[in-house]
Amino acid sequence: MARKHLSKTTLLTLAAILLLTACKGKPWNDPYPAADADANVYYASFSEQPKTLDPAQSYSVDEAVFTAQIYEPPLQYHYLKRPYTLIPLTATEVPKPIFLDANDEELPADTAKKNIVRTVYEIHIQPGINYQPHPAFAKKPDGSYYYHNLSAADLADKKSLADFTQTGTRELVADDYVYEIKRLADPRVQSPIFGFLGKYIQGFTDFNAQLKQNNNVDLRQVPLQGTQVVDKYTYKIIINGYYPQFLYWLAMPFFAPVPWEADAFYQQPGLANSNISLAWYPIGTGAYMLEENNPNRQMVMTRNPNYHKEYYPMEGEPGDLKAGLLTKAGQQLPFIDKFVFTLEKESIPRWNKFLQGYYDQSAISSDSFDQAIKIDSAGSPEITPLIKARNISLQTSVSPGNYYLGFNMLDSIVGRDSERARKLRLAIATAMNYDEYIAIFLNGRGVLAQGPIPPGIFGYREGKEGINPFVYEWNNNNQIQRKSLDEAKQLLKEAGYPNGRDLTTDEALLLNFDVMSGGTADDQAFYSWMRKEFNQLGIQLQIRDTQYSRFQEKLRNGQAQIFMWGWQADYPDPENFLFLLYGPNGEVKYGGENATNYQNDQYDALFKKMRNLPNGEARQHIIDQMVAIAWHDSPAVWGFYPQGFLLTQSWVAPTKPNEIANNTLKFLSIDPKLRAELRDSWNQPILWPLTVVVLIILAGLLPIFYYYWRRQHRPVRDNNK
Amino acid sequence: MTFHPVILWTDALIYLLIIASIFCVRWAKRQEQLRSAWRQILQSRLAIISLVILVTYAAIGFLDSIHFRATDQNQITSVESVFDYLVSPLGKNDEKTYSAPFATHLYNKDIIILPNGLHLRDFPHLKFVDEEQMNPVDNRTLDIIRHCTLSTLGGIVIWFIICALSIMLAAQRQQQKFLTKLNKIVKEKEGIVWRTVLITVGVIIVLGFNLFDLSHAYHILGTDKVGQDVFYETLKSIRTGLIIGTLTTLITVPFAITFGMLSGYFRGWVDDVIQYVYTTVNSIPDVLLIAAAVLALQIFISNHPEFFSNLVQRADARLLALCIILGLTSWTNLCRLLRGETLKLREQDYVQAAIALGTSRKQILIKHIMPNLMHLVVIALVMDFSGLVLAEAVLTYVGVGVDPTTLSWGNMINAARFELAREPVVWWPLLAAFLFMFPLVICANLFADAVRDALDPRIRKL
Amino acid sequence: MIAYLIRRLLYLIPVLIGVNLLTFALYFIVNSPEDIARAQLGGKHIDQSVVQDWEDQHGYNKPLFYNNKETGIAALTDTLFVKKSLILFTFNFGVSDSGRNISHDVSQRMWPSIYIAIPTLIIGLLVNITFAMLLAFFRQTYVDLSGVLFCIIMMSISGLFYIISGQYFIGKVLQLVPISGFEGGFSAFKFVILPVVVGVIGGIGAGTRWYRTIFLEEMGKDYIRTARAKGLAESRVLFKHVLKNAMIPIVTGVVVIIPSLFLGSLIMESFFGIPGLGSYTIDAIRQQDFAIVRAMVFLGTILYCIGLIMTDIAYTIVDPRVRLQ
């Protein structure tokens with residue numbers, strides 16, 4: 001009986017296997033609906049859930065991926081041109097500043113900067129731009145809004161925005177821009193740049209205080225001195241003093257329009273309970289609109305049917321034509337119908353799905369994702385055979401940011417003005433081998449930093465003249481080379497710490513490294529690496545790792561000694577980097593971004609001059625002087641400029657990495673047919689091992705059946721004896 | 001070099017644990033019930049082998065728990081353990097970054113500056129292997145075989161000496177001839193203990209010799225991201241695993257015994273209160289409670305750096321805290337068990353008699369009830385151990401495990417998540433964690449099984 | 001029995017208050033509202049006044065237990081403890097520190113967890129009971145011995161190894177199923193296979209061993225001897241008597257965990273990218289979003305207690321001798 005049963009199972013299994021192998025064709029591991037296989041849909045992943053998509057609140061790159069496509073500030077960066085150039089987006093032109101004196105009298109454009117009391121930007125927007133379809137705009141035939149007076153009964157079946165069936169649109173007006181600027185000052189919104197803008201926009205902090213007193217006021221009713229509507233399509237922003245970099249802010253979603261209908265709609269009680277809020281369902285005029293918002297699984301953006309006419313740029317940089325970047329020149333944007341972003345927390349599945357063709361680009365610059373490639377210091381990429389075989393292309397770009405090892409200049413050992421401390425700092429700077437850091441922790445995805453300004457930003461100097469002469473030298477092979485450890489030791493000796501021994505106390509020098517713990521396994525490796533670096537000089541390094549908030553507190557209170565910190569530019573201007581060392585921007589005294597609390601009168605004077613100059617010879621000269629001062633005083637060890645890697649599948653049309661602008665998805669295009677073919681050929685299931693496993697299990701069961709049979713046919717006895 | 005002893009909190013507790021277990025063993029020797037159970041355990045070959053392996057692990061863990069501060073001429077001080085000292089330079093032989101097991105070159109290409117100043121892009125030689133290697137490493141297989149043969153021979157010789165010495169001692173004690181005793185052991189005439197132990201010890205010694213020797217010539221399990229020897233890391237992880245497995249129960253037991261006994265014996269409101277406490281603690285899902293507590297503690301530790309003067313101490317504090325938290329969440333089950341048993345014991349004639357005679361409650365609890373609960377405690381101790389070692393890995397993954405700077409299997413597995421996403425795959429740290437964790441856990445499980453079989457009255461009846 | 005159930009439910013209240021107090025103490029005493037605010041607001045250009053605004057808006061600007069700015073009952077109720085912790089009793093989990101409504105998220109993320117948990121439970125049960133029966137049938141033979149050893153080996157491997165290797169071989173090398181991801185409805189099938197297979201395999205060791213003990217215990221009883229003495233075939237004894245009676249401990253053991261299935265598996269979900277409550281919790285732990293962790297602890301406790309009560313009821317159903325009083 002047993003044998004009969006067995007053969008039956010075997011037959012069944014074999015049949016099943018045959019059946020499975022027979023239906024070759026579509027891959028089994030396709031994580032997307034089969035119907036979409038040929039659709040003009042772009043697939044990407046995100047690893048950090050966005051916290052908010054409110055343009056007044058969102059300040060992180062993870063969120064900008066979405067907000068930049070949906071919201072349109074008046075200006076944008078040119079997609080192809082380098083250095084980064086501002087061009088109008090919804091504005092008709094890039095506004096020219098108008099200078100005013102204390103009596104609001106207009107001054108000539110070439111007036112001395114110190115006479116300027118206020119600057120006015122008047123922005124004209126294009127007429128005829130419409131918002132995406134949204135229920136907040138839906139109007140009944142009688143002109144009243146469908147959804148602005150929702151009752152509890154209306155809300156009963158509304159679990160997401162899609163449950164509101166009626167939608168409408170409206171033309172973009174200057175009012176919407178002013179409304180958003182008011183939101184930036186609204187205490188209910190808590191915009192992260194409120195404190196910063198308070199220094200510049202006229203009457204900004206007063207407006208905030210005024211709103212704090214009477215809650216629940218309609219922002220349209222309260223005037224803000226600093227922004228005014230001129231006519232339907234024109235508004236102006238009034239800035240205290242002179243701040244030429246302000247234009248760059250006008251290219252960020254912070255200054256995108258928000259219609260008053262959004263607040264009227266979203267602030268109705270009850271909606272927030274289903275996460276229906278502006279933070280999760282943006283309303284914009286951009287090329288794409290958010291169709292599905294599920295930060296726990298996937299975010300879907302679809303083409304905005306009301307998108308205004310915008311065209312692919314006609315010209316770019318010299319190499320762009322050859323790189324195939326101008327084949328779509330002059331065509332109407334956008335090209336792709338739909339973007340699907342899937343949440344992918346773990347690096348292993350994310351990487352493997354990219355290799356299987358289920359993600360179109362690996363746009364994320366996280367450490368783990370693109371480990372298939374290493375870039376050596378000579379700049380030549382090394383790609384694994386698989387990636388080569390799959391024709392995946394690689395692009396690199398230096399992102400406008402820097403990472404540095406800061407010294408707290410208020411500290412009694414590493415800081416202050418003394419020559420002793422300066423030599424100690426220089427000794428550390430010489431000993432810290434950031435080349436190795438880049439190789440180990442970044443897989444080569446970084447450029448050795450010489451000063452605060454990264455490549456691609458005006459004021460950066462390449463090659464021999466750009467090297468920090470206190471730490472590096474230019475060797476015979478025309479290459480940059482770190483000075484030897486002996487020189488560092490010599491400096492340390494001159495500072496009065498021969499071999500890391502403090503001569504005044506005759507004890508080993510103990511320094512503290514303040515760092516925020518990422519809680520990842522890399523932490524340990526990083527700490528031991530840091531200690532190793534300091535140990536070369538005989539200095540003992542104590543790691544004081546804390547949570548992020550505590551770390552920031554230490555910086556604010558000046559309790560940190562040596563710390564690792566970085567800066568990601570808000571806009572591509574050297575001012576945004578050199579202010580990291582500007583005295584009046586000191587973190588402890590003034591709550592600014594100068595975490596080292598470095599203060600040098602000469603530097604500060606030069607900074608004030610440089611800030612107001614246009615890019616050119618004169619500005620470069622001053623910047624060179626400033627950087628030289630920073631090199632001499634060495635308030636920080638300039639670590640590296642992070643580099644972004646972009647791996648692109650062969651079916652994606654050539655793209656140009658843009659490290660400043662985020663609204664680049666509208667320029668992308670793909671070949672869905674090619675993708676479907678390649679995916680099919682890459683992902684055929686391999687079945688034979690499964691068959692082998694089944695056979696092994698069956699073979700293992702055989703003796704058991706035999707046992708069973710014997711047992712059934714032997715005399716009964718009590719087994720417990 | 002000068003040395004100053006350093007006693008970390010966990011070290012102190014380990015010493016305490018060892019002293020306590022010595023007392024327990026002496027006490028247990030006098031208990032006929034426990035002695036017979038012991039004899040039963042010794043009838044299982046698997047249990048004996050497991051025990052020997054466990055003792056080996058414990059020995060490594062113990063050596064790693066004696067810390068001292070070494071200061072050299074350059075005034076560079078570091079906290080090390082006796083274990084570090086014994087295996088050095090293992091652990092100090094850092095390479096630049098990843099290298100595969102037994103590799104002679106790094107895993108990744110890098111710029112090499114040739115003596116003539118030219119730059120070449122190739123796999124650089126490992127620093128450490130070059131230093132130690134006398135003959136060219138091209139003959140690596142031969143070299144490994146040579147190392148293995150020599151150390152195997154050495155190991156066997158040592159093993160023979162150990163066998164001879166121990167048999168001689170035993171023979172002398174029992175006033176037998178050496179050869180008679182040897183014969184008895186080889187033919188297992190006095191039970192299987194001796195031969196099994198000796199053979200297991202032999203295998204461990206030979207293996208240990210091989211590993212020790214090879215690890216000084218190669219990175220036998222490769223190196224990790226910053227070039228640390230993975231073999232060393234996984235050996236250091238043993239201490240972490242053992243501490244979590246043992247200290248946690250050390251913290252659990254006093255709670256469980258006291259509360260279980262009090263609640264079972266006094267009943268009434270005492271019982272109500274204790275039951276309330278453990279129902280409350282028990283009803284929170286374990287991982288969540290641990291996560292909540294660890295997060296809170298982590299913040300406390302990072303907000304009060306003044307309590308912990310250096311990284312080692314802070315990592316140690318976090319390890320101890322983890323043990324305490326694990327202990328506080330796991331005492332409830334044992335407590336409930338002990339409460340039930342006490343309820344039963346309380347009604348026994350001899351306890352009733354003691355009450356009638358006016359013996360003080362303290363006396364009754366300590367003299368009459370506690371000894372009869374010990375078997376349950378022992379079972380709980382050995383059964384929990386392996387689970388705790390495994391739990392560490394999972395908790396570390398969740399982000400509420402040991403400190404990232406503590407060498408532990410959990411951290412190794414956690415790092416492997418990124419390493420496995422590399423191309424080409426870095427697989428050896430995961431393998432190393434597996435290779436060393438698995439024997440420990442399986443031996444603990446097998447031994448625990450044997451202990452339970454021997455002690456559990458229900459199973460004994462079967 | 002109804003009186004008993006009501007009593008049990010009432011007993012839940014002090015337990016939940018205890019849990020509440022415990023988690024509240026754990027979080028708020030060590031973590032100040034300012035820490036929470038700064039962690040959520042990020043690092044650039046942050047001004048103290050923005051932090052203050054955040055605290056005001058998120059209701060963190062209150063004292064812990066006693067508000068001396070208020071009078072009467074409000075002094076006790078307008079506090080963090082009441083507003084952030086006791087309020088959980090109304091099942092109003094509030095808003096997470098990052099600004100999303102927790103109840104809404106929980107109600108959405110519950111389902112993927114169930115998609116994984118229930119098949120794993122059922123298939124795991126079937127596989128484990130089959131293996132355990134097999135071992136019990138062959139007790140004290142080499143089949144049994146090697147089976148138990150196999151179980152111990154399976155138990156001694158960390159669950160993380162099963163996940164990593166399952167994903168590597170089945171997902172990457174063989175390309176049989178998507179490596180990670182999730183979709184609702186029928187298409188969930190292809191995403192669920194791998195986690196379920198890994199979950200079942202990971203549970204074989206402990207499960208089989210546990211059920212084997214139950215079966216063996218049952219087989220040692222007198223009525224089984226009687227049945228055998230009666231001349232019943234061994235297989236019949238096993239299926240008809242042993243299995244039936246062993247169902248009591250099995251069923252009660254399973255019932256207690258059913259409500260907790262909603263919570264999902266922490267590790268499985270985050271590895272396979274399943275948007276369930278398990279990964280929700282793990283994310284919250286990693287991002288230190290205390291509002292979510294607090295809510296999940298509370299929810300977990302309630303579900304566990306419900307499980308206990310269900311066990312009591314299950315007892316009376318499978319074993320008529322038990323009466324609840």
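Proteins come first, then strands; the chains are lettered A, B, ... in the order of their sequence lines, and each starts at number 1. Remember, predicted model here, so these are calculated numbers, not experimental data. These values consider heavy atoms only, across backbone and side chains, with no hydrogens, waters or symmetry-generated copies.
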Side chain to side chain, B:N445 and B:D449, heavy atoms closer than 4.5 Å: no
N-O pairing of B:D272 and B:R267 below 4.0 Å: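 Judged by the 4.0 Å cut-off on N to carboxylate O distance, B:D272 and B:R267 do not form a salt bridge.
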Side-chain donor or acceptor of B:T248 paired with backbone N/O of B:G245 under 3.5 Å: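 Checking the backbone N and O of B:G245 against the side chain of B:T248, no donor-acceptor pair under 3.5 Å is found.
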Under 4.5 Å from a heavy atom of chain B, the part of [X] involved:
{"X": "C:R294", "answer": "neither"}
{"X": "C:T281", "answer": "side chain"}
{"X": "C:L303", "answer": "neither"}
{"X": "C:I164", "answer": "side chain"}
{"X": "C:I267", "answer": "both"}

Exercise: do B:N414 and B:T396 side chains pair donor with acceptor under 3.5 Å: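 No.
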Exercise: do C:Y162 and C:Q167 side chains pair donor with acceptor under 3.5 Å: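 The answer is no; no qualifying pair exists.
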Residue, of C:Y304, C:Y11, C:F298, C:Y168, that accumulates the most heavy atom pairs under 4.5 Å with chain B: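 Among the listed options, the one with the most contacts to chain B is C:Y304.
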Residue, of C:I153, C:I17, C:L308, that accumulates the most heavy atom pairs under 4.5 Å with chain B: C:I153
Partners passing salt bridge (Lys or Arg N to Asp or Glu O under 4.0 Å) against B:R239 (at least two apart in sequence or in another chain):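 Partners of B:R239 by the salt bridge (Lys or Arg N to Asp or Glu O under 4.0 Å) criterion, ordered by chain and then number, come out as B:D11.
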Contacts of type salt bridge (Lys or Arg N to Asp or Glu O under 4.0 Å), residue B:D384, not counting sequence neighbours: none
Best-contacting candidate, B:V281, B:N282, B:V277, against chain C by heavy atom pairs under 4.5 angstrom: B:N282
Toward chain C, the part of B:L440 with a non-hydrogen atom under 4.5 Å: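 For B:L440, there is no contact with chain C at all, as no heavy atom is under 4.5 Å.
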